[in-house]
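Structure record follows, encoded as structure tokens.
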Amino acid sequence: MIASHLLAYFFTELNHDQAQKVDKYLYHMRLSDETLLEVSQRFEKEMEKGLGADTNPTASVKMLPTFVRSTPDGTEDGDFLALDLGGTNFRVLRVKVSDNGLRKVEMENQIYAIPEELMRGSGVQLFDHIAECLANFLDKLQIKDKKLPLGFTFSFPCHQTKLDESILVTWTKGFKCSSVEGRDVVSLLRKSIKKRGDFDIDIVAVVNDTVGTMMTCGYDDHNCEVGLIVGTGTNACYMEEMRHIDLVEGDEGRMCINMEWGAFGDDGVLNDIRTEFDREIDMGSLNPGKQLFEKMISGMYMGELVRLILVKMAKDGLLFGGRLTPDLLTTGHFETRFVSAIEKEKEGLQKAHEILSKLGLEPSHEDCMATLRICQIVSTLAAAALGALRSTVGVDGSVYKKHPHFARRLHKTVRKLLPDCEIRFIRSEDGSGKGAAMVTAVAYRLAAQHQARQKILEPLRLSHEQLLEVKERMRIEMEKGLGKETHAEATVKMLPTYVCSTPDGTEKGDFLALDLGGTNFRVLLVRVRNGMRRGVEMHNKIYSIPVDIMQGTGEELFDHIVHCISDFLEYMGMKGVSLPLGFTFSFPCQQNNLDEGILLKWTKGFKATGCEGEDVVGLLKEAIHRREEFDLDVVAVVNDTVGTMMTCGYEDPYCEVGLIVGTGSNACYMEEMRNVELVEGDEGRMCVNMEWGAFGDSGCLDDIRTEFDMAVDELSLNPGKQRYEKMISGMYLGEIVRNILMDFTKKGLLFRGRISERLKTRGIFETKFLSQIESDCLALLQVRSILQHLGLESTCDDSIIVKEVCTVVARRAAQLCGAGMAAVVDKIRENRGLDFLKVTVGVDGTLYKLHPHFSTVLQETVKELSPKCEVTFLQSEDGSGKGAALITAVACRIREAGQR
């Protein structure tokens, strides 16, 4: 309010003509919203140049990686040292961070001087002096015997190669120590400490003061991801996505970038908004043509800018009656603190009068008002130029803190340029010292948490030897399942399917297929052609099965199925035709013939009475006869794994194995009849349905099952059953991941130790999320949005951890599946007495098809564990429908050949 009164007073007192002349001088210094937006866009382009490997050498904004990969999350804990070197004095600090629910930071510090002769002496002398001061500080606090971690704030231009390695590019601020430029300052300090031998510390991180500011504020506000300094100089840093940082290997996570933004404009991109006064300041500086942005906005130059305007206006007779004084003409005599003093609301005009008088002038009231106006426009320009910021911004620096209006103008400008961004500014208290300790505390926390997480994940990472062992155990279980004497106790049942041949390409005819495996079922017409027009054409219709029928009587269920077949035949215009039918029945069955399957037990919510222990083909035939509308020849009953092998076998004659890895998992393959002891006869081959999901139910996998597998098994619908399936199939992987995430969170290693109700909910982590999260093209931001959808508030670090857990669990699943498959292909090779086998595996299932890495890891594992086999994996298209028809087609071909 007072400021607006002052301005009103200014405009009424100053005669109109003079006001116009003043404004004419200041016209070029007033930046419109359009100009500010343009500056902001140019800045973004410069940032991109700095981040690119090819464009960085010519970029003016250097965008230097700092190797700081995370901001504080409030769980930091411990005792840390900080060393703050950036001028003629340096400080040693002890910072105690405690996370006992109070989140407290206690600091003790001591300031030490650096004598001028040391600033210009040798590097060895300088670092020896620093080591001596450190020893003095540790002595004073009686902690010399502790090996504490230390963060080093080194505020000189450096090229950082690691968090604890920083090469000095050039000395500034009056330092000229020899043999330091081009060398790692951390190594030099370590050398000086080692030489003394009376104490030891762990130098964890070297940072600059801007990063320190961000980290200090980040402890109080977890959204703080930007650091800004506007004092004598100016700079900014922020958390950038790793995938945008070409100068550092890796795409995961984020890293703090030290922008070194003072050099923005050094390539000429600000020439159109630089004024004659900016050019004059630059020409008179120690580094002409360099740091042009800094010269427009930082405290070191703000007072000088006002002085040059006052001189020019006085020379043109617009101020001080045209009179100049030696003091006004002397560079540096109008200090930046004068600008802050003159802009204070209450005593601003009085201060202007005092300051101008000290410069030997005799200012009139109008001169004071004009000076106030000049100060306002100069400081507004500086604030306006900073409009490229995001999120919570931690700020330090004398101009921001001491100037009465700078902060407000900066906030206003940023919000105007970024209306959709919610931006908070928080002042840093001791960013350079406390900040270095915070970087160290975060690095320590991350290292400790990483170690703890790896220890938990270690049992899920299987070695080559463990996988070979799994392969051998699968082989033993397969032999047990095939043997007449051992079959009853075997967990891997190795059921005969009575499918004795794969397609040879001569199959032809029209076939019906029925696919029943859930609440929906399909009826298909499959036309198989041979010769020149060889191929398969399919028509199908999906029907639902109401719950009351699923849980009613067997007669009702099969009558409903036949009613749907009748509808389909009518729909296809084939009501009077008698066709061979293949029946995919994906429930546990004991097969005694190709067209006979005894239902052992219902699963998947079916409870129809009078079916268990009965032949499902017989039940279907009886229902067809009851309807008396049409007749069908039910040739084969099969499960979906065999269907998959047959579908791929039609495309590839080498295909003799079927694999499904979806909600569940199973495999089948062509076994020599002489080994299938449950079926009479030794000639030829038969497809064996392994039912391998039950591998491990005997306890033979207990040494590799983890606490997470056991937790998932215990709460499943069938505890102790299908243990191998529970380690590799889609139905369970998400639940394993959720259990690991729960464990991490309880131990404070994830989600800041906060367990949400959603995370406690079984089944929320669907396997499709695993596939999405592990997708290479998915940025961590999208991973965070998936977690958010699950009601999990996550940081960027949390997203990386969740992604790692998903990777470990899915990789193990693919490797275990690969070990089982290696046992299968090696058995086929040995059955045939071959040194080398070429074979194709037909595969189906959502996990195999949709997960971005599962298929690759599976294939690599089979290659490593079965080096004498060349295994090709072929994705099946509609194994359960088309496969049943092809089995029927093969059976018809063989039947016809036998009749000739």
Lys/Arg-Asp/Glu bridge criterion (N-O < 4.0 Å) met for Asp844, Lys849: yes
Set of residues satisfying side-chain contact (heavy atoms from CB on, under 4.5 Å) with respect to Glu507, sequence neighbours excluded: Pro503, Asp504, Val528, Tyr650, Ala889, Val890, Arg893
Within-4.5 Å side-chain heavy-atom neighbours: Val637 and Asp595: no
Salt bridge (charged side-chain N to carboxylate O under 4.0 Å, His left out) between Glu735 and Arg738, intermediate numbers included: CA-CA 5 Å; Glu735 199 49 19; Arg738 189 186 68 82; 2.7 Å; yes
Distance-only donor-acceptor check, side chains Thr647 and Glu877, under 3.5 Å: no
Parallel, tilted or perpendicular, as decided by the 30° and 60° cut-offs, for the rings of His851 and Phe854: perpendicular
Between Gln591 and Asn593, a side-chain donor and acceptor under 3.5 Å: no
Glu477 with Lys480: basic N within carboxylate O range, under 4.0 Å: yes
Beyond-backbone contact of Cys806 with Phe765, side-chain heavy atoms, under 4.5 angstrom: yes
Ion pair Asp682/Arg674, N-O distance below 4.0 Å: no
Check: Leu659 main-chain N/O paired with Thr641 side-chain donor or acceptor under 3.5 Å: no
Under-4.0 Å salt bridge between Glu870 and Lys863: no
Validation row: Asp510, Val526 side chains within 4.5 angstrom (heavy atoms): no
Asn520-Ser544 side chain donor-acceptor pair, cut-off 3.5 Å: no
Side chain to side chain, Pro852 and Ser771, heavy atoms closer than 4.5 Å: yes
Ile561 side chain reached by Leu620 side chain, heavy atoms, under 4.5 Å: yes
Within 6.0 angstrom of Met686 CE, more than 12 heavy atoms from elsewhere: yes
For Ile764 against Phe769, the heavy-atom pair lying closest together: O-CE1, 3.5 Å
Whether Lys541 side chain and Ile565 backbone form a donor-acceptor pair below 3.5 Å: no
Test ring-ring contact (aromatic ring centres under 6.0 Å, His included) applied to Phe568 - qualifying residues, sequence neighbours left out: none
Test log, rule side-chain contact (heavy atoms from CB on, under 4.5 Å), inputs Val843 and Thr644: CA-CA 7 Å; Val843 204; Thr644 295; 5.6 Å; no
Thr584 side chain to Asn639 backbone, donor-acceptor under 3.5 Å: no
Chi angles and distances behind the side-chain contact (heavy atoms from CB on, under 4.5 Å) call for Arg461, Val808: CA-CA 7 Å; Arg461 293 192 165 105; Val808 168; 3.5 Å; yes
Under 3.5 Å: donor-acceptor pair, side chain of Ser665, backbone of Ser729: no
Donor-acceptor side-chain pairing of Glu804 and Gln454 below 3.5 angstrom: yes
Note: Arg705-Asp713 ion pair, threshold 4.0 Å (strictly below): yes
Arg473 side-chain N/O to Cys700 backbone N/O, donor-acceptor pair under 3.5 Å: yes
Carboxylate-amine/guanidinium proximity below 4.0 Å for Arg812 and Asp709: yes
Student check: side-chain heavy atoms of Gln466 and Asp703 closer than 4.5 Å: no
Trace of the side chain to side chain donor-acceptor pair (under 3.5 Å) decision for Asp697 with Gln722: CA-CA 6 Å; Asp697 290 5; Gln722 302 293 97; over 6 Å; no
Full working for side chain to side chain donor-acceptor pair (under 3.5 Å) between Asp567 and Tyr543: CA-CA 10 Å; Asp567 174 79; Tyr543 298 90; 2.6 Å; yes
Geometric cation-pi criterion Lys838 and Tyr654, 6.0 Å radius, 45° cone: yes
Working for side chain to side chain donor-acceptor pair (under 3.5 Å), residues Asn689 and Glu691: CA-CA 6 Å; Asn689 164 23; Glu691 290 295 342; 3.1 Å; yes
Contacts of type ring-ring contact (aromatic ring centres under 6.0 Å, His included), residue Tyr724, not counting sequence neighbours: Trp692, Phe695
Test side-chain contact (heavy atoms from CB on, under 4.5 Å) applied to Met478 and Met494, step by step: CA-CA 7 Å; Met478 287 167 74; Met494 307 295 283; 3.9 Å; yes
Close side-chain approach of His464 and Leu865, heavy atoms under 4.5 Å: yes
Stepwise side-chain contact (heavy atoms from CB on, under 4.5 Å) test for Met710 and Asp702: CA-CA 10 Å; Met710 290 168 196; Asp702 285 1; 5.9 Å; no
Lys/Arg N to Asp/Glu carboxylate O, Glu672 vs Arg685, below 4.0 Å: yes
Short side-chain donor-acceptor distance under 3.5 Å, Glu537 and His539: yes
Side-chain donor/acceptor of Thr888 to backbone N/O of Gly582, under 3.5 Å: yes
Flag if over 12 foreign heavy atoms under 6.0 Å of NZ, Lys621: yes
Thr807 versus Glu774, side-chain donor and acceptor atoms under 3.5 Å: yes
From Glu656, Met821, Lys827, Met645, residue fulfilling side chain to side chain contact (heavy atoms under 4.5 Å, CB included) relative to Tyr669: Lys827
Pair Thr840-Asp652, side-chain donor/acceptor within less than 3.5 Å: yes
Side chains of Thr872 and Val839 in contact at under 4.5 Å (non-hydrogen atoms): no
Residue pair Lys882 / Asn540, side-chain donor-acceptor N/O under 3.5 Å: no
Atom of Leu847, atom of Gly730 and distance for their closest heavy-atom approach: CD2-N, 4.0 Å
Arg475, Arg832, Lys471, Lys868 screened by salt bridge (Lys or Arg N to Asp or Glu O under 4.0 Å) with Asp826, the one that passes: Lys471
